[in-house]
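Following: one structure in C-alpha cells, then a few remarks.
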Amino acid sequence: MAKTPTLKPEELIARAYADRLILEKLTEMESAMKLSELADKLSGTGIGLAAVRSLLASNPDRFAYHERRWIPAARLIGEGRPTAEIVRLIVDRFGAPMPMDLLVAELQRMVRGDEETIRSWVERIAERDRTFIRLSSDAIGIATWAFLAEGETMERALSMFFVDGDEVESVSKKLKDVDWSADDAPAQALAAAAPASLKAICAVAWSKLNNPDPRSELIYDGREWFDRLVSTPGFVYGPNGMMIPEADTKKWLTTAIKVADKLAPSVDVEDVAPIEVKVQDVVKMVQKIVASGETITSTRLLEEHYEITPSNKTYPDDMANIMEALKGQPEIQWVGGDRFRAKGSYPDYIESVPEPFHYVLMDFRDEEGEPLEVELTDDGLSSSLRKLLLHPLAMDVLDEDIAPALKSQPEQVRLVLKSIHRELGTFPMCQVPTGWFDNQPTIQELVFIDPNGRELQVWANHEARLMYNLIDWWYEQNVENGAVFTLTKTGKPNVFEFAWDDQTDPVVFISNQRMEELRALQEGAEELSTLQLLIAVMSHWPKGADFLTVHAEINVVRRTSRRLVASLLSSFQCFYQRSGSPVWHYDAKKVDLGFDKTKKKFIIKR
C-alpha cells in the first residue's frame with residue numbers, strides 16, 4: 001500500500017462522510033468482491049469505482065480486505081468481544097446514528113443467533129446501557145456524541161462534554177429568536193445556526209430551558225434533544241459532530257473524490273499483465289458511446305468493463321491499449337484527454353469564430369486625403385510597445401502571435417475575462433500558455449469544476465483558438481471587464497478546477513459606470529474614425545493610462561487590433577509618453593499637428 005499523504009482537516013471530514021456512505025452500502029451487501037457492484041450502489045452520490053477503491057484501501061479503521069473481499073473492519077476487530085462492545089464498535093465506526101436493521105444485519109454476521117434474537121439483544125442493550133441512545137427513528141447513536149448535562153454549572157458542563165465556550169457564545173447569538181418551548185424548537189435552531197456543532201446547539205438549549213435555581217425542575221433532556229436534532233429533515237449529522245444542511249453535503253463529496261484521487265493507493269493484489277482489448281469489447285464500448293448521446297471516458301470504460309482504476313499497477317498500459325483501440329473507430333470521435341463521443345455530436349457553433357470577433361478595416365481619411373487607420377511595423381513602435389503587443393492581455397482571437405510552448409508548465413493559470421467574451425460565452429486561448437492544454441485533437445471537451453462542485457462542459461477549438469459554452473458562468477460575474485479567474489489542473493485528463501479571484505485585474509478592469517460611458521460612445525461610433533475614438537477614450541485619463549487599459553476600453557467601443565492602437569499612439573503627435581514612464585498621455589492642444597511624418601516610412605501597406 002502506498003504511503004498515505006497528509007490531509008487537511010476539511011479533507012478528513014469530507015472523506016469521513018464519504019466513508020460513511022460507502023460503509024453503509026458495504027454493510028448492506030455484507031461484503032464486496034467486485035467493487036463495481038459497490039460503486040453501482042453509490043452511483044447517486046457521484047462516488048465512482050476509482051474513488052471507492054482508493055477510499056477503501058486507505059482507511060483500515062473502517063474497511064478491511066479479508067479473504068479477497070472488502071468488509072467492514074469492525075467485523076474483524078470485534079471478534080471475541082462482548083456483544084455490547086461489538087455494538088458500540090460497529091456504531092462508532094459508522095460515525096452517525098445507525099439504522100437498527102443495518103446494525104442487526106451486521107451483528108448477525110459476527111455472533112450466533114437468528115435475526116429476532118439478535119434484535120432483542122440490541123434493543124435491550126440500547127435501552128439499558130447508557131453508552132447508547134435509542135432514537136425515535138429506530139436508529140442507535142452513542143452517548144458521547146450528545147450533550148448530556150443536567151444540573152452542572154456552565155463551566156463544568158462544557159468541560160465534561162468537550163464543548164468550546166466561544167463556539168457556544170457564537171451559536172447563542174444566532175439562536176436568540178428561537179422559541180425553546182415550541183415543538184419545532186430543534187428545527188428553528190438548525191435553520192438559524194446550521195452549520196453548527198450539535199453539542200453547542202444543545203448547550204444553548206440546556207442553558208435556556210433549565211432554571212439556574214438548583215431547586216427547580218430540570219427540563220432539558222440531552223438524549224431527547226440529540227434525537228430531535230439528528231432526526232430533523234433536511235439536515236445531516238457530520239463526522240465532526242456538526243449539523244449541516246443536507247444540500248451542503250455535495251461539497252463534502254466533491255472534496256472526498258478529490259481526496260481519493262490524491263490518495264490513489266495501490267491495493268495489494270496479484271501481479272497481472274495489461275489487458276488485451278478484444279474486438280468484441282471494442283464493439284460493446286463503441287455501441288455504449290454512440291447510444292449515450294454524451295461523453296464517455298475511457299477511464300469509465302476501464303472501470304465498467306474490466307474493473308481497472310488508476311490504483312491498478314497496470315493502469316498506464318491498460319489506458320494506452322483502450323485509447324488506441326477506440327481512436328480508430330469511425331463511429332466515435334476522440335474529444336481530448338480520455339473522452340469520446342458519437343461522431344460529430346458536438347455543437348456546430350464551436351467550429352467557427354463568431355462574427356463579432358472579426359476586425360473590420362475602416363477607411364477614414366484626413367483633410368489631405370491621407371488614411372487615418374494606419375498600422376506601423378515594429379520598427380515604428382517603441383521597444384516597450386513592441387513587448388506589450390505580445391502581452392496575453394493585448395492579444396485576442398484573430399489577433400495573436402502564438403508563443404512557443406513552455407518547457408515547464410504551471411499547475412495553475414491566472415486568466416482575465418473581457419466584456420466581449422462575457423457577452424458571447426467564450427474565452428480566448430491566447431491567454432493560456434501554449435502547451436498547457438493538450439494540442440490534439442483540434443476540438444476538445446473540457447470540464448470545469450467550481451468550488452461548490454458544479455461542473456461545466458466547455459468546448460475548445462485549437463483551430464479557432466477559442467473556448468465556448470461559458471456564458472452561464474460568465475453572467476454570474478458582475479464585473480464586465482477585468483474579472484480574474486484561475487484554472488488548476490487536476491489528476492483527471494481535461495478536467496480543471498475553476499475559481500473566481502476576489503481581485504480584479506488592475507490594468508484592464510473597467511467599472512460598470514465607465515462601461516456605460518463607453519457604450520454611450522459606441523452608439524455614434526460608426527461615423528467616427530478610430531483616431532477620434534482613441535482621443536475620446538484618452539480624454540477620460542488626464543493623468544494618463546497604460547496601453548493595455550486604453551486597448552481594453554477602445555475595444556468596448558469598437559473591435560480594434562492591438563497594432564492599430566499602438567500605431568495611432570505612436571504616430572499622432574497629440575499622444576506622448578514621459579521619459580521612463582509606461583503611461584500614455586493625450587494633449588488636446590496638439591491634435592492639429594496630426595500625423596508624425598517621420599513615421600510614414602513604417603506604415604504597413606494594405
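The model shown is predicted, which means the values in this text are computed figures rather than measured ones. The basis for the numbers below is simple: all heavy atoms, side chains too, and nothing from hydrogens, waters or symmetry mates.
The closest donor-acceptor contact from the side chain of T297 to the backbone of D338 lies at 3.5 Å or more, if one exists at all. With hydrogens and angles disregarded, a donor-acceptor distance shorter than 3.5 Å links the side chain of W334 to the backbone of G337. For Q457 (side chain) and F448 (main-chain N/O), no donor-acceptor pair under 3.5 Å exists by modelled atom type. Although no hydrogens or angles enter the test, the distance criterion places a donor-acceptor pair under 3.5 Å between the side chain of S382 and the main chain of L385. R422 places no side-chain N or O within 3.5 Å of a backbone atom of N481 that could act as its donor or acceptor partner. Formation of a donor-acceptor pair under 3.5 Å by the N494 side chain with backbone atoms of R339 is not found in this model. Here the side chain of Q431 pairs a donor or acceptor atom with the backbone of V416 at under 3.5 angstrom. For T504 (side chain) and A483 (main-chain N/O), no donor-acceptor pair under 3.5 Å exists by modelled atom type. No donor-acceptor distance shorter than 3.5 angstrom exists from the side chain of D450 to the backbone of A499, with no hydrogens or angles considered. The main-chain N or O of D438 is found under 3.5 Å from a side-chain atom of H462 such that the two form a donor-acceptor pair.
In this structure, D501 does not pair ionically with R414, as no charged nitrogen and carboxylate oxygen lie closer than 4.0 Å. Ion pairing between K418 and E480 fails under the 4.0 Å rule for side-chain N and carboxylate O. Taking a cutoff of 4.0 Å between a charged side-chain nitrogen and a carboxylate oxygen, D248 and K250 do not qualify as a salt bridge. Salt bridge annotation for K25-D40: absent, with no cationic side-chain nitrogen under 4.0 angstrom from a carboxylate oxygen. Electrostatic pairing of K8 and E11 does not count as a salt bridge here, judged by no charged N lying under 4.0 Å from a carboxylate O. Salt bridge annotation for E304-K288: present, with a cationic side-chain nitrogen under 4.0 angstrom from a carboxylate oxygen. In this structure, E476 pairs ionically with R454, as a charged nitrogen and a carboxylate oxygen lie closer than 4.0 Å.
Expressed to the nearest 0.5 Å, how far CD of E375 lies from CG of L381 amounts to 10.0 Å. With rounding to the nearest 0.5 Å, the separation of CZ in R386 from CG in D379 is 6.5 Å. Residue Y237 holds its OH atom at 9.0 Å from CE of M243, rounded to the nearest 0.5 Å. Between S567 atom OG and I604 atom CD1 the span is 6.5 Å, to the nearest 0.5 Å. Taken to the nearest 0.5 Å, the CZ atom of F547 stands 10.0 Å off from the OG atom of S384. The distance from the CD1 atom of I332 to the CD1 atom of I296 is 9.5 Å, given to the nearest 0.5 Å.
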Could you walk me through whether E373 and T530 satisfy the side-chain hydrogen bond (donor to acceptor under 3.5 Å, both in side chains) test, starting with their C-alpha distance in whole Å, then the side-chain angles of each, then the deciding distance to 0.1 Å, before giving a yes or no? CA-CA 7 Å; E373 311 284 314; T530 306; 2.5 Å; yes
Verdict with supporting geometry, E445 and T295, side-chain hydrogen bond (donor to acceptor under 3.5 Å, both in side chains): CA-CA 9 Å; E445 182 191 48; T295 299; 2.8 Å; yes
Walk me through whether I420 and N555 qualify under side-chain contact (heavy atoms from CB on, under 4.5 Å). CA-CA 8 Å; I420 188 171; N555 268 274; over 6 Å; no
The test is side-chain contact (heavy atoms from CB on, under 4.5 Å); show your working for W584 and Y576 and say whether it passes. CA-CA 6 Å; W584 284 90; Y576 67 95; 5.6 Å; no
Is there a salt bridge (charged side-chain N to carboxylate O under 4.0 Å, His left out) between R514 and E517? Walk through the geometry before answering. CA-CA 5 Å; R514 179 60 175 158; E517 294 171 357; 3.1 Å; yes
Intermediate values then yes/no, side-chain hydrogen bond (donor to acceptor under 3.5 Å, both in side chains), E307 and S36: CA-CA 7 Å; E307 288 211 1; S36 58; 2.5 Å; yes
Applying side-chain contact (heavy atoms from CB on, under 4.5 Å), run through F340 and V335 and close with a yes or a no. CA-CA 6 Å; F340 291 87; V335 287; 5.9 Å; no
Can you check side-chain contact (heavy atoms from CB on, under 4.5 Å) on Y359 and L398, steps first, answer last? CA-CA 8 Å; Y359 293 89; L398 301 181; 4.1 Å; yes
T490 vs E497, test: side-chain hydrogen bond (donor to acceptor under 3.5 Å, both in side chains). Steps then yes/no. CA-CA 7 Å; T490 69; E497 293 177 355; over 6 Å; no
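Aromatic rings of F496 and F437 (six-membered ring for Trp) have centroids within the 6.0 Å cut-off, being under it. Aromatic ring centroids of F498 and W473 lie under 6.0 Å apart.
The salt bridge (charged side-chain N to carboxylate O under 4.0 Å, His left out) pairs that include a residue from residues 423-433 are E423-R519, where partners are two or more places apart or lie in different chains. For residues 320-333, the set of pairs meeting the side chain to side chain donor-acceptor pair (under 3.5 Å) definition, not counting sequence neighbours, is empty.
A tilted orientation is assigned to the rings of W474 and F485, their planes being inclined by 30° to 60°. F572 and F595 have perpendicular rings, their planes meeting at more than 60° on a 0 to 90° scale where under 30° would count as parallel.
No side-chain heavy atom of H585 sits under 4.5 Å from any side-chain heavy atom of Q577. Counting heavy atoms from C-beta outward, M242 and I13 have side chains that stay 4.5 Å or more apart. With contacts defined as side-chain heavy-atom distances shorter than 4.5 Å, the pair S298/M319 qualifies. Using a 4.5 Å heavy-atom threshold, the side chains of Y586 and I535 count as touching.
In terms of the ring-ring contact (aromatic ring centres under 6.0 Å, His included) criterion, residue partners of W252 (sequence neighbours excluded) are, by chain and number, Y17. Residues meeting the side-chain hydrogen bond (donor to acceptor under 3.5 Å, both in side chains) test with D396, sequence neighbours left out: H421, R559. When the side-chain hydrogen bond (donor to acceptor under 3.5 Å, both in side chains) test is applied to R563, the partners found at least two apart in sequence or on another chain are D378. With sequence neighbours excluded, no residue satisfies side-chain hydrogen bond (donor to acceptor under 3.5 Å, both in side chains) with S581.
More than 12 non-hydrogen atoms from other residues, nucleotides or ligands lie less than 6.0 angstrom from NZ of K489. Environment of CG in N512: crowded, with over 12 heavy atoms of neighbouring residues, nucleotides or ligands closer than 6.0 Å. Atom NZ of K41 has 12 or fewer neighbouring heavy atoms from other residues, nucleotides or ligands inside a 6.0 Å radius. Counting non-hydrogen atoms of neighbouring residues, nucleotides and ligands closer than 6.0 angstrom, the CG atom of D348 reaches no more than 12 such neighbours.
By the 6.0 Å and 45° rule, R341 does not stack over the aromatic ring of Y346.
Looking only at atom types and distance, the side chain of T488 has a donor-acceptor partner in the side chain of Q412 under 3.5 Å away. No side-chain donor from either of T442 and E463 sits under 3.5 Å from a side-chain acceptor of the other.
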